[in-house]
J.: 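Pasting in a structure now, in structure tokens, and then I'll have a few things to ask.
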2 protein chains.
Amino acid sequence: MSEKLIKHFRKYIPVDAEDEAEMISFFRSGTFAKKESLVVQNTKCRYHFFVVKGCLRMFYIDEKGMEQTIQFAIENWWITDYLAFEKQTVTAFEIQAVEKSDVVQIDYGSQEKLLARFPQLERYFRLIYQRAYAATQLRTKYLHDFSREQMYHHFSESFPEFAGRVPQQLLASYLNMTPEYLSEIKKKRRS
Amino acid sequence: MSEKLIKHFRKYIPVDAEDEAEMISFFRSGTFAKKESLVVQNTKCRYHFFVVKGCLRMFYIDEKGMEQTIQFAIENWWITDYLAFEKQTVTAFEIQAVEKSDVVQIDYGSQEKLLARFPQLERYFRLIYQRAYAATQLRTKYLHDFSREQMYHHFSESFPEFAGRVPQQLLASYLNMTPEYLSEIKKKRRS
DNA sequence: CGTTGGCTTGAGAGGGCTCAAGGCCAGTGG
DNA sequence: CCACTGGCCTTGAGCCCTCTCAAGCCAACG
């Protein structure tokens, strides 16, 4: 499944065919079952994950014991706790598969070596992070502009297949509202 | 003032002394007065800004005519509307000086040329964006965890000098609350 | 020394939460 | 293939956090 990753590299930078195998050797592929954890809260954050197929989510458990989802990652997205990954410290988050997911992962040391060996990948990651950061700027604007109700409608209209794919509970948590309230919102529109 | 920028580069990557002058030639330095706009809403987003001294803010005007601040940038931070900058399109945001500020700026084309000429800067920006993105992940967690009131206390305890430096109105907008409510929160703690 | 912008106060309203219960599947074991 | 069970979604009542609107106040600035 690493070929999907190389394909993704090529959307942003040129990659020599002869380098492919060596690049891939830095990564490990794996499949995770629904609800399986890739990173456990309060443990060292070793890996950076690229989703080939499926869907991951990042969440934490708050003081009331509730899971708070702060991010999803679907096909062609990278995910990790970047603060903990960069510093190689304990993470405040848990990363779990929402559905059966194919993933390519790399540990911190290997990523550093990969970037030293193939400096053109610095550009790839620079562009990936730039895009991710740009997305959060827009999201921040929405958080100011929209009520929770508008957030839900905006989200489900922007990503209709995705809204149907994840359990409502997780979506509610991602949108920072209770499942009860989400239910109420959906009901309103129905009538 | 560009030497401050080079100094910042050196926190992340090595820079040959002989390259300094050429690097600097890609940038333009400028000083902006309090409330002066660096980028105007609904115009093309040409520049990427590095704050040498002072403080900038990014905001937009909502349908009620209110300014909604979504980001501040102080010394050693980069700022722009990354979505609009990358695509060189019209921006939904305005960037303005909160106080008299010294800024180094670069337009999109020059930045591309700079990165082509000095590919090691890809690493610099990769690290900058990674750090910025990591910060937004943490911020997202706080948005789930904290009430507006807790957000204010957390912010003013984390950045005490900054909280005193910007007008309360802007801080309230950044924390996504009304100035009236911020006032009430502060009063509560006083008593 | 008058105006203006920013901070404060207070009353009333509403968005969104909590808690508790009820209903609807989907998966599991017999 | 059917009954059972557990998870998830829905409903409703009551409440609190935060907003809106409308004054009043204070300090800065011309």
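Since the structure is predicted, the reported quantities are computational estimates derived from the model, not experimental observations. The sequence lines fix the lettering, A, B, ..., with proteins before strands; numbering per chain opens at 1.
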J.: Ignoring backbone atoms, test whether B:Lys186 places a side-chain nitrogen or oxygen under 4.0 Å from the OP1 or OP2 oxygen of C:dT8.
T.: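 Yes, within the criterion.
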J.: Side chains of A:Gln150 and A:His154: does their closest heavy-atom pair fall under 4.5 Å?
T.: no
J.: Roughly how many Å is it from OH in B:Tyr152 to C1' in D:dC17, rounded to a whole number?
T.: 18 Å
J.: Separation of B:Gln150 atom CD from D:dC17 atom C1', in whole Å?
T.: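 In whole Å, D:dC17 C1' and B:Gln150 CD are 12 Å from each other.
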J.: Please check if the distance between the ring centroids of A:Tyr82 and A:His48 is under 6.0 Å.
T.: yes
J.: Let me know the distance between CZ of A:Arg148 and P of C:dT18, rounded to the nearest Å.
T.: 11 Å
J.: Rounded to whole angstrom units, what separation is found between the NE2 atom of B:His144 and the C1' atom of C:dC17?
T.: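 Interatomic distance, NE2 of B:His144 to C1' of C:dC17: 15 Å.
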J.: Can you tell whether the side chains of B:Glu75 and B:Arg165 come within less than 4.0 Å, N to carboxylate O?
T.: yes
J.: Without decimals, in angstroms, what is the distance between B:Lys34 NZ and C:dG5 C1'?
T.: 11 Å
J.: Report yes if a side-chain nitrogen or oxygen of A:Lys187 is closer than 4.0 Å to either non-bridging phosphate oxygen (OP1 or OP2) of D:dC9; otherwise report no.
T.: no
J.: State yes or no: are the ring centers of A:Phe27 and A:Phe50 separated by less than 6.0 Å?
T.: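 Distance test on ring centres: not under 6.0 Å, no.
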J.: Using a heavy-atom distance cut-off of less than 4.0 Å, which residues of residues 163-184 of chain A contact DNA chain D?
T.: A:Pro167, A:Gln168, A:Gln169, A:Glu180, A:Ser183
J.: Quick one: B:Lys188 NZ to C:dG10 C1', roughly how many Å, whole number?
T.: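 Whole-Å distance recorded here is 14 Å.
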J.: Rounded to whole angstroms, how far apart are CE on B:Met66 and C1' on C:dG6?
T.: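 Spelled out: CE on B:Met66 to C1' on C:dG6 is 13 Å.
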J.: Could you check, using the six-membered ring where one of them is a Trp, whether A:His8 and A:Tyr124 have ring centers closer than 6.0 angstrom?
T.: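 Under 6.0 Å, so yes.
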J.: Identify whether any heavy atom of A:Lys35 sits under 4.0 Å from a base atom; if not, whether one sits that close to sugar-phosphate; answer base, sugar-phosphate or nothing.
T.: sugar-phosphate
J.: Under the 3.5 angstrom rule, does the side chain of A:Ser173 hit a backbone N or O of A:Thr69 as a donor-acceptor pair?
T.: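 Yes.
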J.: I need the NE2-P distance between A:His153 and C:dG15, as an integer number of Å.
T.: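 Roughly 14 Å, once rounded to whole Å.
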J.: Would you say the ring centroid of A:Phe146 lies under 6.0 angstrom from that of A:Tyr142?
T.: yes
